[in-house]
Amino acid sequence: MTDVTMDKIVSLCRRRGFVFPSSEIYGGLGSTYDYGHYGVLMKNNIRALWLQSMIQERDDMVALDSAVILNPAVWEASGHVAGFSDPLVDCRTCKLRFRADKLDDAQCGKKPSKKPGEYSECDLTEARQFNLMFQTQVGAMEDASSTAYLRPETAQGIFINFKNVMQLARRKPPFGIAQTGKSFRNEITPGNFLFRVREFEQMEMEYFVPPGEAERWYEYWIEQRLQWYLDLGVRRSQLRVREHGAEERSHYSSATSDIEYLYPIGWQELEGVANRGDFDLTQHTKHSGTKLEWVGQEGERYTPHVIEPAVSIERIFVAMLVDGYDEEVVADRDRTVLRLHPEVAPIKAAILPLIPRNDDMVAKSRDLLQRLRRRWMVEYDDGGQIGRRYRRQDEIGTPWAFTIDDQTLEDDTVTVRDRDSLAQERLSLADVPAWLDEALQRPWHSPKP
Ligand code: ATP
């Protein structure tokens with residue numbers, strides 16, 4: 001079985017232009033990344049699949065896109081100004097900073113690296129709370145009154161729009177509001193590639209329910225979200241649900257479960273599902289003076305409870321790359337292949353003229369390209385040996401390749417090669433769009449053990 005390390009993932013992402021270290025020509029900016037072509041396409045697919053399952057395929061959900069910079073009072077009310085912090089320790093010797101609750105995962109600045117505190121010279125300070133919100137100034141004045149924050153989560157933008165949505169979208173609990181967008185956290189120790197970064201794209205959904213139904217919907221959303229990963233072909237053996245103990249939960253949450261993935265760094269939170277109770281709506285009611293509650297036609301009223309599935313595209317992106325990464329030897333040659341779900345794969349199909357110098361093959365290939373690209377992200381490649389072109393597509397996870405060869409010129413058929421099985425079959429050129437359409441709808445499971 002292929003040993004999938006984070007280094008292999010990072011190196012593939014760089015080599016094939018999925019992800020680059022940011023600001024590289026200026027020496028980088030620790031743990032900040034830019035997405036290249038295939039990375040953008042894959043990210044877009046993940047977001048679109050999430051929105052499809054959350055909004056398009058349901059009738060109890062609406063979309064929202066709230067601002068990144070909100071009135072700072074929002075973060076007072078939510079408790080972030082007072083409490084969105086991690087415990088920080090400094091080492092007076094090596095001048096590095098660590099999260100006090102993650103010392104076991106940290107590495108000391110001395111070589112060979114050990115855990116902070118394990119060398120006799122280590123001199124750690126007492127832990128103090130470090131607020132993770134990025135501050136900025138709004139407007140031209142630079143005083144306390146202009147201090148604002150980059151949102152550390154998208155959820156609060158949803159809570160403060162509860163009344164707008166309920167009234168204007170005429171919703172009655174249970175209903176949900178879903179949004180995706182950038183969040184910012186000044187993490188003390190970002191790292192492990194995209195797993196922990198300071199700027200990431202969250203996908204959060206707040207599901208408002210009658211108080212008596214919260215427990216049931218909490219269980220429901222854990223199931224739904226787990227199933228979403230399974231439907232996208234992520235291996236069941238690499239996923240687990242872990243319920244938080246009381247000491248780990250936020251004070252307002254009556255229950256939280258993490259959907260964990262077995263990353264190369266061990267089991268880690270991929271997505272969190274929390275029962276947030278009525279904490280958020282109650283807090284914003286208190287601080288804003290606007291009643292955020294449900295009022296029925298007979299005048300019955302209550303503050304809905306909230307179930308929240310929250311995840312970042314980054315953590316899904318890494319999990320899917322790790323789950324898909326494979327190396328094998330085929331006909332005495334090594335190949336690296338990303339066994340991604342076809343819906344997640346950046347490119348759905350490659351179109352390859354067998355002999356790039358043959359004008360007729362090129363013309364037929366270009367014609368097929370034009371027909372397919374209106375509906376799907378496909379790629380034409382006429383650079384180099386066919387074997388090398390197949391391997392390039394394998395490495396970026398393209399599920400199928402259509403090859404235009406001598407026989408195409410005679411009978412208008414092409415071969416289609418399957419990324420996973422390497423099986424080749426022949427089909428009529430005219431049938432390719434219908435074939436691809438059908439192939440993309442077939443259930444897909446990882447062939448990896
Ligand atoms: P952790 O304990 O790992 O710091 P958290 O419990 O603070 O995470 P939440 O506040 O529950 O995380 O955030 C919801 C989701 O947002 C997480 O499940 C994860 O998918 C994602 N996320 C949080 N922080 C980061 C980050 N720094 N980089 C990438 N994704 C993140």
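Just follow the structure's listing: the first ligand is 1, and inside any ligand the first atom is 1.
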| message | With heavy-atom distances below 4.0 Å as the criterion, list the atoms of ligand 1 near A310. | response | 14 (C), 15 (C), 18 (O)
| Should one rank R185, E153, E314 by closest heavy-atom distance to atom 13 (O) of ligand 1, which comes out on top? | R185
| field | Closest protein heavy atom to atom 29 (C) of ligand 1, given as residue, atom name and distance to 0.1 Å | value | F195 O, 3.2 Å
| Would I316 count as a contact of ligand 1 if the rule is a heavy atom under 4.0 Å away? | no
| request: Mind checking whether R196 contacts ligand 1 via backbone (N, CA, C, O), side chain (CB onward), both or neither, at a 4.0 Å heavy-atom cut-off? | output: both
| query | Heavy atom under 4.0 Å from ligand 1: found in D258's side chain, backbone, both, or neither? | reply | neither
| task | Can you pull out the closest protein heavy atom to atom 20 (O) of ligand 1? Residue, atom name and distance to 0.1 Å, please. | result | L270 O, 2.8 Å
| Test side-chain hydrogen bond (donor to acceptor under 3.5 Å, both in side chains) applied to S85 and R128, H80, Q129, the passing residue | Q129
| field | Nearest non-hydrogen protein atom, atom 30 (N) of ligand 1 | value | S312 OG, 2.8 Å
| message | Using a 4.0 Å cut-off to any heavy atom of E271, which atoms of ligand 1 qualify? | response | 18 (O)
| said: Within the 4.0 Å heavy-atom shell around R99, which atoms of ligand 1 are there? | reply: 4 (O)
| Judged by modelled atom types alone, do E57 and Q52 share a side-chain donor-acceptor pair under 3.5 Å? | yes
| message | Under 4.0 Å from a heavy atom of G272: which atoms of ligand 1 are those, numbered in the order shown and with their elements? | response | 18 (O)
| field | Ring-face cation contact, Y325 with K8, 6.0 Å cut, 45° max | value | no
| Looking only at protein heavy atoms, which one is nearest to atom 22 (N) of ligand 1, and how far off is it? | F200 CE1, 3.6 Å
| task | Give the residue, atom name and distance (to 0.1 Å) of the protein heavy atom nearest atom 28 (N) of ligand 1. | result | V197 N, 3.1 Å
| query | Is the Lys NZ or Arg CZ of K43 less than 6.0 Å from the centre of F317's six-membered ring, within 45° of the axis? | reply | no
| message | At less than 4.0 angstrom from any non-hydrogen atom of E187, what atoms of ligand 1 do you find? | response | 24 (N), 26 (C), 27 (N)
| request: Assign the ring pair Y220 / W217 to parallel, tilted or perpendicular, where the plane angle (0 to 90°) is split at 30° and 60°. | output: perpendicular
| message | Only heavy atoms of E269, strictly under 4.0 Å: list the atoms of ligand 1 that pass. | response | 6 (O), 8 (O), 11 (O), 12 (O), 17 (C), 18 (O)
| Do the rings of Y38 and F18 sit parallel, tilted or perpendicular, given the 30° and 60° boundaries? | tilted
| said: Within the 4.0 Å heavy-atom shell around Q202, which atoms of ligand 1 are there? | reply: 13 (O), 14 (C), 15 (C), 16 (O)
| Ion pair check, R391 and E395, cut-off under 4.0 Å | no
| Test item: side-chain donor near acceptor, Q179 and S66, under 3.5 Å | yes
| task | Would you please classify the geometry between the F279 ring and the Y252 ring as parallel, tilted or perpendicular, with 30° and 60° separating the classes? | result | parallel
